[in-house]
Chemist: 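Attaching a single structure in structure tokens format; questions to follow.
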Amino acid sequence: MGDFWSDDTSLLDFEFTFQSEYRGGAIEQVGLVDEWDLDVFRGWLRFEKDQFRLRGGRQAILFGPGQLFRPLGVFDDRLISGVIPQTTGVDGLRATYFTGPTSKVEGWAIPARFNERIIWGLRGERQIGILETGLLFQYKPVTDLEFLPSHDLELFQFGYHFKGTQVIGFWNEGRVDIEQDKPGKPLRFDSVVGVDYTFDFGQGLHVLLEYFFRTQEPGFTIEDVKGERTLHELGLLIDQPVGIATVWRFFAFFDMRDRSFQIAPQIEHNVFGQVYLYLTALIGGSVEGDNRTGRLFRQTPVFNGTESRIGLTLVWFH
């Protein structure tokens with residue numbers, strides 16, 4: 001990262017970050033990931049002048065206050081309970097104009113790579129009293145960017161969010177999808193409601209709870225693994241620092257329809273400098289449900305990624 005040049009009102013800077021990964025075991029053997037992977041993680045140039053910013057290249061584009069569930073995460077593929085929950089970057093152009101100290105408008109254009117079509121959108125954000133608010137519109141054609149949500153659907157998407165703090169933190173975000181190539185242009189609605197609070201215990205015990213809801217009209221393409229049109233899920237995060245080098249986290253997810261669950265404890269330890277050690281686990285199961293068909297836990301003859309497991313990861317940021 002660095003600056004090409006700057007003056008009192010203008011700046012041209014850049015970031016180029018590469019990522020190399022080796023993965024083995026069952027997840028690689030069934031073809032879910034490659035054994036070796038080397039790619040550009042971030043690679044962009046950004047021009048700033050007064051209230052205007054223009055950034056082009058591979059970059060993270062993230063919206064919304066949701067922490068565990070993210071209806072506004074139209075470019076977000078993070079595994080939030082995993083090690084280093086950072087999203088894959090997308091190649092595109094993003095322009096932002098700050099209309100005031102607490103408001104802005106921005107737009108983006110992302111090549112879809114399919115029939116030379118473009119994913120494009122607009123959003124605005126403004127502080128109103130104690131609330132941070134925002135509105136979003138996006139047109140998403142069919143794309144071969146398979147890591148994007150609903151990559152094979154042509155959609156008009158409308159979203160909103162608000163977030164505030166009044167003793168506790170609270171937020172809500174939602175998104176309406178209109179499927180374009182189906183008769184009647186059917187709708188799908190996703191929403192998440194969340195609250196969090198930090199208790200005065202030890203060095204601060206942070207507790208966060210979110211509720212996710214999805215419903216869709218009969219004509220909308222079903223993407224749920226069980227073919228259901230209505231979903232209800234709960235997510236919980238508890239985290240606390242211990243000293244200056246260690247943080248423990250506890251994630252839990254529960255599907256209220258099929259009663260499957262995931263529990264994901266995690267310990268992060270700063271070994272030295274920018275070297276971190278992560279001890280993680282994933283424990284899945286069901287409450288009076290069917291372990292063979294759960295959304296959050298499935299027992300199948302072939303590895304599917306929801307199985308219980310434990311892992312040790314060493315990460316060096318350089």
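These numbers come from the heavy atoms of this one structure, side chains and all, not from hydrogens, waters or symmetry mates.
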Chemist: Regarding E210 and W171, is there a side-chain donor-to-acceptor distance under 3.5 Å anywhere?
Modeler: yes
Chemist: Are Y278 and R249 close enough that a side-chain donor and a side-chain acceptor fall under 3.5 Å?
Modeler: no
Chemist: Are L236 and F261 connected into the same hydrophobic cluster when the rule is that any two of I, L, V, M, F, W, Y join if their side-chain heavy atoms are below 4.5 Å apart?
Modeler: yes
Chemist: Is there side-chain contact between V275 and V315, with at least one heavy-atom pair below 4.5 Å?
Modeler: no
Chemist: Could you check R295, R229, R214 and say which one makes a salt bridge (charged side-chain N to carboxylate O under 4.0 Å, His left out) with D224?
Modeler: R295
Chemist: Show the numbers, then the answer: is there a salt bridge (Lys or Arg N to Asp or Glu O under 4.0 Å) between E173 and R175?
Modeler: CA-CA 7 Å; E173 68 175 75; R175 191 192 73 243; over 6 Å; no
Chemist: Answer with yes or no whether the side chains of D255 and S260 bring together a donor and an acceptor at under 3.5 Å.
Modeler: no
Chemist: Of the non-hydrogen atoms in I118 and A109, which two are nearest, and what is the gap between them?
Modeler: CG2-CB, 4.0 Å
Chemist: Looking at side-chain heavy atoms only, is the closest gap between D39 and Q19 below 4.5 Å?
Modeler: no
Chemist: For atom CG of D50, is the number of surrounding heavy atoms from other residues, nucleotides or ligands below 6.0 Å larger than 12?
Modeler: yes
Chemist: Can you find a pair of side-chain heavy atoms, one from F254 and one from Q262, that are under 4.5 Å apart?
Modeler: no
Chemist: List the atom of A264, the atom of S81, and the distance in Å for their closest heavy-atom pair.
Modeler: CB-CB, 4.2 Å
Chemist: Checking side-chain polar atoms at under 3.5 Å, does Q180 have a donor or acceptor matched by the opposite partner on E154?
Modeler: no
Chemist: Shared ILVMFWY cluster between L208 and V167, side chains joined below 4.5 angstrom?
Modeler: no
Chemist: Is L237 reachable from V242 through a run of hydrophobic residues whose side-chain heavy atoms are each under 4.5 Å from the next?
Modeler: no
Chemist: Give the minimum heavy-atom separation between F253 and F69, together with the two atoms involved.
Modeler: CD2-CZ, 4.0 Å
Chemist: Determine whether Y139 and R117 satisfy the following criterion, side-chain hydrogen bond (donor to acceptor under 3.5 Å, both in side chains), listing intermediate values before the conclusion.
Modeler: CA-CA 10 Å; Y139 169 67; R117 304 176 82 178; 2.5 Å; yes
Chemist: List the steps and the verdict of side-chain hydrogen bond (donor to acceptor under 3.5 Å, both in side chains) for E106 and T96.
Modeler: CA-CA 4 Å; E106 59 186 358; T96 305; 2.7 Å; yes
Chemist: Working note: D196 + V207, criterion side-chain contact (heavy atoms from CB on, under 4.5 Å); need CA distance, chi angles, decisive distance, verdict.
Modeler: CA-CA 6 Å; D196 73 341; V207 179; over 6 Å; no
Chemist: Going from CG on L79 to CD on Q86, what distance comes out if it is rounded to the nearest 0.5 angstrom?
Modeler: 13.0 Å
Chemist: Quick one: does R53's side chain have a donor or acceptor within less than 3.5 Å of a partner on Y97's backbone?
Modeler: no
Chemist: Please round to the nearest 0.5 Å and tell me the distance separating atom NZ of K226 and atom CG of D258.
Modeler: 4.0 Å
Chemist: So do F18 and R42 actually touch side chain to side chain, heavy atoms under 4.5 Å?
Modeler: no
Chemist: Kindly say whether the aromatic ring centers of F137 and W120 come within a distance under 6.0 Å.
Modeler: yes
Chemist: Once you round to the nearest 0.5 Å, how far does CD1 of I130 lie from CZ of F170?
Modeler: 4.0 Å
Chemist: What's the spacing between Q138 CD and L155 CG if we round to 0.5 Å?
Modeler: 9.0 Å
Chemist: Which atoms form the tightest heavy-atom contact between F52 and A95, and what is the distance?
Modeler: CE1-CB, 4.2 Å
Chemist: Any side-chain donor paired with an acceptor under 3.5 Å for H161 and N172?
Modeler: no
Chemist: Does the side-chain hydrogen bond (donor to acceptor under 3.5 Å, both in side chains) test come out yes or no for E179 and T221, once each step is laid out?
Modeler: CA-CA 8 Å; E179 191 167 1; T221 299; 2.7 Å; yes
Chemist: What are the two closest non-hydrogen atoms of D144 and A112, and how far apart are they?
Modeler: OD1-O, 3.2 Å
Chemist: Spell out, as yes or no, whether a donor-acceptor pair under 3.5 Å connects the side chain of D3 to the backbone of S6.
Modeler: no
Chemist: Just checking, is any N or O donor in the side chain of H206 or T198 under 3.5 Å from an acceptor N or O on the other one?
Modeler: no
Chemist: Go through the side-chain N and O atoms of T133 and Q127 and say whether any donor and acceptor fall under 3.5 Å apart.
Modeler: no
Chemist: Residues sharing L148's hydrophobic cluster, by side-chain heavy-atom contacts under 4.5 Å among ILVMFWY, directly or via others?
Modeler: I61, F63, L72, V74, F75, V90, W108, I110, I119, L136, L145, F147
Chemist: Can you list the steps and then say if H151 with T143 is a side-chain hydrogen bond (donor to acceptor under 3.5 Å, both in side chains)?
Modeler: CA-CA 5 Å; H151 69 92; T143 172; over 6 Å; no
Chemist: Any chance CH2 of W316 has more than 12 other-residue heavy atoms, nucleotides or ligands included, within less than 6.0 Å?
Modeler: no
Chemist: Do you reckon L282 sits in the same ILVMFWY cluster as I80, going by side-chain contacts under 4.5 Å, direct or chained?
Modeler: no
Chemist: Show the numbers, then the answer: is there a ring-ring contact (aromatic ring centres under 6.0 Å, His included) between Y197 and F199?
Modeler: CA-CA 6 Å; Y197 184 75; F199 294 89; 4.9 Å; yes
Chemist: For the rings on F14 and F4, is their centre-to-centre separation under 6.0 Å?
Modeler: yes
Chemist: Between the main-chain N or O of F162 and the side-chain N or O of E132, is there a donor-acceptor pair closer than 3.5 Å?
Modeler: no
Chemist: Using modelled atom types only, decide if a donor and an acceptor are shared between the side chain of R257 and the backbone of T230 within a distance under 3.5 Å.
Modeler: yes
Chemist: So which atom in P241 and which in G204 form the shortest heavy-atom distance, rounded to 0.1 Å?
Modeler: CD-O, 3.5 Å
Chemist: Could you verify whether a donor N or O on one side chain and an acceptor N or O on the other, from D177 and Q157, lie under 3.5 Å apart?
Modeler: yes
Chemist: Check whether more than 12 heavy atoms from other residues, nucleotides or ligands sit under 6.0 Å from atom CZ of R126, and answer yes or no.
Modeler: no
Chemist: Examine distances only and state if a side-chain atom of S103 and a backbone atom of G100 form a donor-acceptor pair shorter than 3.5 Å.
Modeler: yes
Chemist: Is any side-chain heavy atom of R78 less than 4.5 Å from a side-chain heavy atom of R70?
Modeler: yes
Chemist: Quick check: does any side chain N or O of K140 sit under 3.5 Å from a backbone N or O of L153, one acting as donor and the other as acceptor?
Modeler: yes
Chemist: Using the ring centroid of each side chain, check whether F158 and F156 are separated by less than 6.0 Å.
Modeler: no
Chemist: Group every Ile, Leu, Val, Met, Phe, Trp and Tyr by side-chain heavy-atom contacts under 4.5 Å, then state whether V195 and Y211 land in the same group.
Modeler: yes
Chemist: So, the side chain of Q240 versus the backbone of F201: is there a donor-acceptor pair under 3.5 Å, distance only?
Modeler: yes
Chemist: Measuring only between side-chain heavy atoms, which start at C-beta, is L277 closer than 4.5 Å to L312?
Modeler: yes
Chemist: Between D239 and W248, is any pair of side-chain heavy atoms under 4.5 Å apart?
Modeler: no
Chemist: Flag the pair Y276 / V271 as yes when at least one side-chain heavy-atom distance between them is below 4.5 Å, and no otherwise.
Modeler: no
Chemist: Verify whether one side chain among E223 and S150 offers a donor that lies under 3.5 Å from an acceptor in the other.
Modeler: yes
Chemist: Dump the intermediate steps for side-chain contact (heavy atoms from CB on, under 4.5 Å) on I263 and F250, then the final yes or no.
Modeler: CA-CA 7 Å; I263 297 173; F250 176 86; 3.2 Å; yes
Chemist: For F189, is there any backbone N or O sitting under 3.5 Å from a side-chain donor or acceptor partner on Q216?
Modeler: no
Chemist: Do E48 and R46 sit within salt-bridge range, that is, some charged N less than 4.0 Å from a carboxylate O?
Modeler: yes
